[in-house]
Amino acid sequence: MIEARHLRVLRAVAATGSFSAAARELGCTQPAVSQQMKALESSAGTPLLIRTGREMRLTQAGEVLVRHAAGILAGLTAAEEEVAAIAGLRAGRVRLVSFPSGSSTLVPTALAALRAAHPGTRVSLVEAEPPRSVEMLREGDCDIALAFRYGAGQAPGEWDDLVVRPLLTDRLVGLVPEAHPLAGAGSVGIAELAGDSWIAGCPRCRRQLVDVCEEAGFAPRIDFATDDYPAVVGLVGAGLGVAVLPELAIESVRPKGARTVAVEPAVEREIVALTLPDLAQVPAVAATLDELTRAATRP
């Protein structure tokens, strides 16, 4: 295998015409130059220099290597500089996937702080709910997945192959129309809403809703289902049903025509940022995880 350091020596020998002059230019000893040239000729499998007295001239193979060496070394230098920029957070790219309520609350704060601290780092954002977002991470389609899971619905070992950065615990709250009899209540038992129509959210949230209601002794009558939290709020505000939504979702939507109430028993979901172990060592990814953590802890 031809090594870049050997190509640098060959170029110096070709430019100066001798081992001693090349050694002075490179800041090393003449024996070191001679040794590296022997290693390069061994790798090439053919002589690269013709020694005539004190002068050196290139063989045809040597001329070929010198001609290509400029491009090879320039490309290597450019690559080294680019890698150094990424390592030093002067450049870099992070592909982030998030569920909608995370995109509208945690992500803007985190990315604004990241841009202020490291303006050369670029972050792209797409939306997907778990488990699809986690699949995207494992398939190499993103670098960080913002995800959530409910304690009761957690599969054993679900994220054992991933780096899990806990962000916050998000409690679900009830959402009822302003004219609902329980709109002014401090808290309600979920069984008190058994006779209402329900608006359900994403598939994972929908399953959690059904599980909680069944534990309370009833099956919810789900008349509407949508992944769009503003649509859920709008349907509740229009008096078409009740819902339970994560507090993060309420933060990002003004519940016009609807009231929030605490729901008992308490239902919580764990909000986390996920990445792969190797990706966690990439400076831009690590910095993004840090900013997501800070965004989650800010009041």
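Values in this document were obtained by computation on a predicted structure and should not be read as measured data.
A 6.0 Å sphere centred on CZ of R115 holds no more than 12 heavy atoms belonging to other residues, nucleotides or ligands.
To the nearest 0.5 Å, atom CG of residue D161 and atom CD of residue E158 are 10.0 Å apart.
Just one of P100, S98, P203, C205 meets the side-chain contact (heavy atoms from CB on, under 4.5 Å) condition when paired with E129; it is P100.
L146 and V126 fall into different hydrophobic clusters, defined by Ile, Leu, Val, Met, Phe, Trp and Tyr side-chain heavy atoms under 4.5 Å apart, directly or through other members.
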Check your understanding: Please walk me through it: do T293 and R165 pass side-chain hydrogen bond (donor to acceptor under 3.5 Å, both in side chains)?
Key -> CA-CA 8 Å; T293 303; R165 177 74 69 92; 2.9 Å; yes
Review point. Which is it for E127 and S103 under the side-chain hydrogen bond (donor to acceptor under 3.5 Å, both in side chains) test, yes or no, and what are the steps along the way?
Key: CA-CA 8 Å; E127 288 190 342; S103 298; 3.1 Å; yes
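We find that K38 and E41 are not joined by a salt bridge, their nearest charged nitrogen and carboxylate oxygen being 4.0 Å or further apart. Salt bridge absent: R171 and E270 never bring a charged side-chain N and a carboxylate O closer than 4.0 Å. For E135 and R132, the salt-bridge test passes: some basic side-chain N is under 4.0 Å from an acidic carboxylate O.
Identified under the salt bridge (Lys or Arg N to Asp or Glu O under 4.0 Å) test for residues 3-20, with sequence neighbours left out: E3-R5.
Looking only at side-chain heavy atoms (C-beta outward), V134 and R149 stay at 4.5 Å or farther from each other. Residues V282 and D143 are not in side-chain contact: their nearest non-hydrogen atoms beyond the backbone lie 4.5 Å or more apart. Considering only heavy atoms from C-beta on, I144 comes within 4.5 Å of V285 through its side chain. By the 4.5 Å heavy-atom criterion applied to side chains, L175 and I250 are counted as neighbours. Side-chain contact between L245 and L172 is absent, with no heavy-atom pair separated by less than 4.5 Å. Between V244 and W198 the shortest side-chain heavy-atom distance falls below 4.5 Å.
Under the rule for a salt bridge (charged side-chain N to carboxylate O under 4.0 Å, His left out), D228 has no partner lying at least two apart in sequence or in another chain. Take D278 and apply the side chain to side chain donor-acceptor pair (under 3.5 Å) test, not counting sequence neighbours, and it matches no residue.
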